[in-house]
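Quick caveat, the model's predicted, so the values are computed rather than measured. Here is the naming used below: chain letters follow the sequence lines, and residue numbers restart at 1 for every chain.
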2 protein chains.
Amino acid sequence: MGARRPTLESLATELGVSRQTVWNVLNRPSVVAEPTRERVAAAVDAAGYVPSRAGRQLRTQRSHAIGIRLMPTFDGINGHILDTFVHELAEHAHRSDYRLALFAAANEADEIATYARMRAANEIDGVVLTSTTIDDERIAWLLENDVPFVSFGRPWRRDVDASTAPHDWVDVDGAAGTEAVTRRLLADGHSRIGYLSWPAQPDVGGDRLAGWQRAMRDASDERDLSTLIAECSNDVTDARRAARQLLDRGVTAVVCASDTLALGARAALGARSADARRVPIVGFDDTPVARALGISSVAQPIVRAARTSVSLLVSRLAEERPPEHVLLSPSPVFRDSEIATPSLFESVGTIQEKEITNP
Amino acid sequence: MGARRPTLESLATELGVSRQTVWNVLNRPSVVAEPTRERVAAAVDAAGYVPSRAGRQLRTQRSHAIGIRLMPTFDGINGHILDTFVHELAEHAHRSDYRLALFAAANEADEIATYARMRAANEIDGVVLTSTTIDDERIAWLLENDVPFVSFGRPWRRDVDASTAPHDWVDVDGAAGTEAVTRRLLADGHSRIGYLSWPAQPDVGGDRLAGWQRAMRDASDERDLSTLIAECSNDVTDARRAARQLLDRGVTAVVCASDTLALGARAALGARSADARRVPIVGFDDTPVARALGISSVAQPIVRAARTSVSLLVSRLAEERPPEHVLLSPSPVFRDSEIATPSLFESVGTIQEKEITNP
DNA sequence: CTGAAAGCGCTTACAG
DNA sequence: CTGAAAGCGCTTACAG
C-alpha cells in the first residue's frame with residue numbers, strides 16, 4: 001500500500017489529465033475518448049481508488065446512511081426476529097450503496113433525540129423505524145421534521161386507518177396468519193380454540209387477535225368468544241398462568257400471539273392429563289425456540305420485509321412520490337411433535353438461579 | 001426549523017464574529033472572553049447547531065465510525081449472544097462519539113473485501129472483529145493493512161499463544177466457565193461427568209473442553225477421559241445423538257459447549273428411565289432458551305466485553321501503545337429445574353414441517 | 001471531448 | 001483574545 005490514499009487529484013496529476021476527466025471515466029464514461037478512458041480506468045484499478053465518502057458527502061449533502069435503532073433485547077425469543085430484520089436490512093442497504101448507522105437508545109424520547117442529532121450533523125439521510133406502537137411519537141416527530149423514513153410496522157392509531165398514513169410502511173399481515181392457523185385447526189375438527197393474547201389494543205396484538213376472531217366467527221354462531229380469550233404479558237410465566245385458565249375452560253387448541261406465549265402454553269399443558277397434553281399450540285414468529293421444540297408457529301417473511309423497507313426508503317430519497325403501504329403475508333408452519341409433559345416446565349417461573357463465583 | 005442547517009459560517013455572520021470564534025466557543029471555550037462566549041453559546045443552542053460530520057471528517061481524515069459485520073443468524077439460540085454484543089457495542093460506541101457502521105457479508109473473503117472498500121473510502125477508522133477462527137485470515141489481513149482493530153475472541157493459532165498477539169483482543173475465559181461448573185458437579189457427588197463437544201480444535205471449542213478436562217483430571221487418577229467426551233456439530237439433532245452415546249456410557253451429568261447442545265442433551269434424556277432423566281445438563285451462554293427451559297448454563301459477561309472492546313479500540317485510535325489482551329470471567333448459573341421427559345423432544349430431528357398457503 | 005474553478009463545512013496554523 | 005486564510009476530496013456548472 002502506498003503512503004497515502006489516492007484521490008481524483010493525485011490520479012489526475014499522475015496521468016497528466018484533469019481531475020474532471022478521471023471523474024468522468026468513473027461516472028460518465030461515455031463522454032471520454034476510448035484511449036483516455038482505458039488508460040485512466042487501468043490506473044484507477046491499480047491504485048485501488050475508491051471515492052472518499054466525506055468528500056462526496058460534503059459536496060452532495062447526502063450521507064448515504066440510514067439510521068436504525070437496535071431495539072433492546074427485551075425477550076430474546078421473539079426479539080430474535082428484529083435481529084434478523086436488521087441483518088437483512090444491512091445486506092440490502094449495502095447493495096443500494098447505503099450504510100446502516102446503528103445506535104442504541106434507552107426509550108422513544110432518547111431515540112428521537114438521536115435522530116435529531118444525527119440529522120443536524122447531516123449524518124443520516126433517512127430512518128427505518130421498527131416496533132411501532134399506538135400513536136407512535138416517533139412517527140409524529142419524523143413527519144413533523146421532514147425526515148424521510150419507512151416504518152416496519154403499521155402506524156397504529158385508535159381512530160385513523162393505517163392506509164391513510166402519509167408515509168411509507170411495510171408490515172406483515174398478522175391477522176391473516178392467525179386466521180389461517182385457526183381455520184386449519186377448525187378443519188382438523190377443533191371447535192373450542194383458545195387465544196392467548198397480549199392486552200387487547202389496536203396494535204400488533206389486536207391485529208393477531210382479530211384474525212383468530214374472524215375465523216371463529218365464521219365457523220360458529222356463537223357470538224361471545226370472550227371466554228376463549230386469555231390475556232397476559234409477553235412472559236413465559238404469565239402466559240402459563242393465562243393458558244391454564246383457557247385449559248380450565250375446556251379449549252382443545254390454543255393460538256398464541258407469540259412464540260414466547262406458546263412456550264408458556266406448553267408449560268401449562270404439563271400438569272394436565274395425557275389427553276390434555278395433546279392440545280395443539282401455535283405460536284407466532286417461528287423463532288429458533290419454536291423450531292427447536294417443535295412448536296407450530298407463523299413465519300414472517302422477514303427477508304422480503306427488509307428488502308421492501310430498503311427499496312421504499314431508497315426510492316423516497318431519490319424522488320418525491322405518494323406514500324406506499326405494503327402488507328406482506330406470513331406463512332403458517334405446522335409441526336407434528338408430541339406435546340409437552342409436566343416435568344420440563346414444572347419449575348418455570350420459580351426457577352432458582354444461583355451464581356457461583358469463578359475460581 | 002430554519003430553511004438551512006446552521007454552520008459555523010452562518011452563525012458567525014449572524015453574530016458578527018469570526019468563524020474561528022464560534023469554533024473556539026465550542027471547542028476551546030476558555031480562550032474566549034466571557035461576554036462573547038455567552039452570546040455565542042446562546043446562539044448555538046438556539047440554532048440547534050451540530051457540527052457537520054462530513055466537514056469534520058474531510059478535514060481530520062477521521063470518520064469516527066467503527067466497522068462491524070453482523071454475523072449470519074446461523075443458529076438463533078447461541079447466536080443471540082452476538083446480537084447482544086452488537087447492541088452493547090452500539091451503546092458504548094455512541095458514548096465515545098463513535099458510530100457503528102454495520103454491514104452483512106456472505107463469508108470471510110467478502111468481509112475482508114468490505115473492510116478494504118470501507119477503508120479505501122475513509123469510511124471507518126477501525127474494526128471490531130467477532131467469532132474468531134483458527135488462523136483467522138481476517139486478522140492477518142487487518143494486521144497487514146494496518147487497520148486498527150480489536151477482536152472479541154482470541155486469535156486462535158495452532159502453535160502461537162494468544163498472549164503474544166500483536167493486536168488487542170477481548171475474550172471470555174470459557175475454560176474457567178466449564179471448569180467451574182464441572183467442579184460444582186464433582187462437589188455434588190458426580191464422578192462420571194460427560195462432555196458434549198464441538199469437534200476438538202484449538203479454538204473456542206477446545207478452550208471450553210479444556211476447562212472440563214482440568215477439573216476432571218484434578219478429581220481422579222483416571223487418565224483416559226476420552227470415553228466421557230462426545231463430539232457433534234452445533235445442532236440440536238446431532239447433539240441428541242452424541243448425548244445418547246454419553247448416556248449409554250453411564251455418565252451422571254453432562255457439560256456442554258453451548259446451549260444448543262444442551263437442548264439436544266435434554267432431548268436425549270427423554271427416552272430414558274426416570275433415573276436417567278435426573279442427569280443434570282449444563283449449557284453455555286445462558287441464552288433465552290436456557291432461561292426459558294430452566295437449563296443451567298454459563299453466562300458470558302457480554303456487557304463488559306462490549307464496553308472493553310470499545311474502549312480498547314477508541315484508545316488505540318487515539319494513541320500508539322502496546323497491544324492489550326483482556327480475558328473476562330464468565331459466571332455459572334445453576335437452575336434447579338426438573339429434567340426433560342420424553343414426549344416433548346421425541347420428534348426433534350424428525351419434525352415434519354408443512355407450510356399451508358395463505359388465504 | 002477536456003480543463004480550470006467554485007464551494008460544501010469543517011479544523012488548524014498563523015498573523016494581529 | 002480575535003480574525004483571515006488554507007485545504008481536506010469531492011461534484012457540478014461553465015468555458016474552451
*Select one nucleotide: of dT2(D), dG7(C), dG9(C), the one nearest the side-chain heavy atoms of Val31(B).*
dT2(D)
*Can you tell which of Val25(A), Val32(A), Asp45(A) makes a side chain to side chain contact (heavy atoms under 4.5 Å, CB included) with Val40(A)?*
Val25(A)
*Considering only side-chain heavy atoms of Leu8(B), which listed nucleotide, dT11(C), dT11(D), dC8(D), is closest?*
dT11(C)
*Can you measure from CG (Asn122(B)) to CG (Asp125(B)) and round to the nearest 0.5 angstrom?*
7.5 Å
*Measure from the side-chain heavy atoms of Arg5(B) and tell me the nearest of dG3(C), dC10(C), dC1(D).*
dC10(C)
*Report the nucleotide, chosen from dT11(D), dG9(C), dT2(C), that has the shortest atom-to-atom distance to any side-chain atom of Thr60(A).*
dT11(D)
*asked:* Once you measure the plane-to-plane angle for Phe152(B) and Phe85(B), does it fall in the parallel (<30°), tilted (30-60°) or perpendicular (>60°) bin?
replied: parallel
*Of the candidate nucleotides dC8(C), dG7(D), dC10(D), which contains the atom at the shortest distance from the side chain of Ser52(A)?*
dC10(D)
*Tell me what Ala54(A) touches on the nucleic acid: a base, only sugar-phosphate, or nothing, going by heavy atoms under 4.0 Å.*
nothing
*Please give, in whole Å, the distance from dG7(D) P to Glu9(B) CD?*
18 Å
*Could you give the CH2-to-P distance, from Trp23(A) to dC14(D), as a whole number of Å?*
15 Å
*Salt-bridged, Asp168(B) to Arg321(B), with N to O below 4.0 Å?*
yes
*NA contact type, Gln20(B), heavy-atom cut-off 4.0 Å: base, sugar-phosphate, or nothing?*
base
*Would you say Ser18(A) reaches dG3(C)'s phosphate, i.e. side-chain N/O to OP1/OP2 under 4.0 Å?*
yes
*Ignoring backbone atoms, establish whether Gln61(A) has a side-chain N or O less than 4.0 Å from OP1 or OP2 of dG9(C).*
yes
*Rounded off to whole Å, could you give me the CD-to-C1' distance for the Glu34(A) and dT2(C) pair?*
17 Å
*Could you state the atom-to-atom distance from CG of Asn24(B) to C1' of dC14(C) in whole Å?*
13 Å
*Asp97(A) with Arg53(A): basic N within carboxylate O range, under 4.0 Å*: yes
_Salt bridge check, Arg69(B) against Asp110(B): does any charged N sit closer than 4.0 Å to a carboxylate O?_
no
_Length of the CD-C1' vector between Gln57(A) and dC8(D), whole Å_ = 14 Å
*asked:* Students often get this wrong, so: under 4.0 angstrom with heavy atoms, is Arg19(A) touching a base, only sugar-phosphate, or nothing?
replied: base
*Between dT2(C) (P) and Arg39(A) (CZ): distance, integer Å*: 10 Å
*Which nucleotide, in any strand shown, forms a Watson-Crick or G-U wobble pair with dA15(C), with both distances under 3.5 Å?*
dT2(D)
_Quick check for you: among dC10(D), dT2(C), dC1(D), whose closest atom lies nearest to any side-chain atom of Val32(A)?_
dT2(C)
*For the pair made of CG in Asn27(A) and P in dT12(D), what is the distance, rounded to whole Å?*
9 Å
*Provide, to the nearest angstrom, the distance between the CG atom belonging to Leu11(B) and the C1' atom belonging to dC10(C).*
13 Å
*Within the pair Thr36(A) and dC1(C), is there a side-chain N or O less than 4.0 Å away from OP1 or OP2?*
no
